[in-house]
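This report concerns only the one structure given below.
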Amino acid sequence: MELNNETLLDIHRRMVRIRTFETEAGRLAEAGKIPGALHLYVGQEAVASGIMSHLSNEDWITSTHRGHGHLIAKGGEFGKMFAELFGRATGYCKGKGGSMHISNMELGMLGANGIVGAGPPIAVGAAFSIKYRNTQNVAVTFFGDGASNEGSFHEAANMAALYKLPMLFVCENNGYGEYTPQANHQAIVDVADRAAGYGMPGVVVDGMDAVAVYEAADAAIERAKAGDGPSLLECKTYRFFDHVGVRGMGLSYRTDEELAEWQKRDPIHMFESRLAELDVLTKDAAVKVHEKVLADVQAGIEFAESSPMPDPATLLEDVYA
């Protein structure tokens, strides 16, 4: 896919959609309107947007407990997503999945997952299906630095490389495995180094730079579609809020100074500055994008709030063993 003005604006819109949705979701959680844990994607928008710009609904993805951003970037509807967070019957999973288990087959979303490292093996299955059916599609699995320590990741990487499956492993390395700094749970600096053990390329990219992510994903996806097998793309990024919830400052496991330094590299602000320099998006036009997306998000919230709760009689519907 050519990185033309249309593509640049598409990436920008995806990032704004994620940021606005997540910011409002955090506000609603603070107000006690969203039950359960909420893991926000704010700060990591360049990763999902840069990669999802390459994908269609026929390409499969697996996500993590921080999966709202992936679904929104892949074309998810605000109303259905908010309804799911609210536990309403009109949600993507009819209110039964909640924040960490969102899935939608029509979008090619095989599911977010609350189990660390559970996504890669599922994506391997999808990639095997793509190769077996001989379609020009890919499977992409998103996971964090902590998940790269799990056996499930290594088994998936081994199998995908062995069978040259059309797959992309995307490590969203935000520097923390839950509350543990990467240096305290890994002896390596770059998760991408692990790719060599499985005979696949390992690439490190600036996960705050949407263009860098887009270009690295383009090369990896073309390689996969050509039958040359999977790649591991490590995106160095940062979450602006806590592991769970909305608190950013005053956390015991990271400093306010560290957060402030990363916030200087806000992926949306940097991208908008870049687009302005290229005469692709003016400041006024960017404001209008934000306003339009906010209006759409607010309409989604209204839809969710007015939606019915699930009927207890439907508890065992849509359950597979």
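Heads up: numbering here begins at 1 and tracks the sequence.
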I'd like to know if the side chain of [X] reaches the main chain of [Y], judged simply by a donor and an acceptor atom lying under 3.5 Å from each other, with no hydrogens or angles considered.
X	Y	value
K131	Y163	yes
S307	T90	no
K96	E317	yes
E22	Y41	yes
T282	A285	yes
S49	M15	yes

Might you point out which heavy atoms bring [X] and [Y] nearest each other, and give the distance in Å?
X	Y	result
A29	L38	CB-CD2, 3.7 Å
H39	M100	CE1-SD, 3.5 Å
P201	P230	CD-O, 3.5 Å
L3	E215	CD2-OE2, 3.9 Å
E172	T237	C-CG2, 4.2 Å

Pairing donors with acceptors under 3.5 angstrom, does anything connect the side chains of [X] and [Y]?
X	Y	value
T23	R19	no
H185	N149	yes
H290	T20	no
T7	D10	no
N173	E234	yes
R66	H243	yes

Are any of the side-chain heavy atoms of [X] and [Y] separated by less than 4.5 Å?
X	Y	value
L168	T141	no
Y238	R254	yes
S53	Y214	yes
F86	R88	yes
Q44	F240	no

Should the pair [X]-[Y] be classified as a salt bridge under the 4.0 Å nitrogen-to-oxygen rule?
X	Y	result
D209	R265	no
K288	D284	no
D318	K94	yes
R274	E277	no
K74	D59	no
E45	R17	no

Inspect the surroundings of [atom1] in [X] and state if more than 12 heavy atoms from other residues, nucleotides or ligands are less than 6.0 Å away.
X	atom1	result
E6	CD	no
L162	CG	yes
R223	CZ	yes
K225	NZ	yes

Next item on the list: With side chain to side chain contact (heavy atoms under 4.5 Å, CB included) as the test, would you mind laying out the steps for V293 and F78 before giving the verdict?
Entry: CA-CA 10 Å; V293 171; F78 293 141; 4.1 Å; yes
Checklist line | Interatomic distance, N137 atom CG to E58 atom CD [nearest 0.5 angstrom] | finding: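 Atom-to-atom, N137:CG and E58:CD are 6.5 Å apart.
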Margin query: If I take atom CD from residue E178 and atom CG from residue D242, how far apart are they, to the nearest 0.5 angstrom?
Written below: 9.5 Å
Next item on the list: Let me know which of I72, L40, V47 forms a side-chain contact (heavy atoms from CB on, under 4.5 Å) with I18.
Entry: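 When side-chain contact (heavy atoms from CB on, under 4.5 Å) is applied between I18 and each of I72, L40, V47, only I72 qualifies.
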Check: For the residue pair F82 and F21, is the inter-centroid distance of their aromatic rings smaller than 6.0 Å?
Finding: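 They qualify: ring centres under 6.0 Å apart.
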Next item on the list: Anything under 30° is parallel, anything over 60° is perpendicular, the rest tilted; go ahead and classify F153 against F143.
Entry: tilted
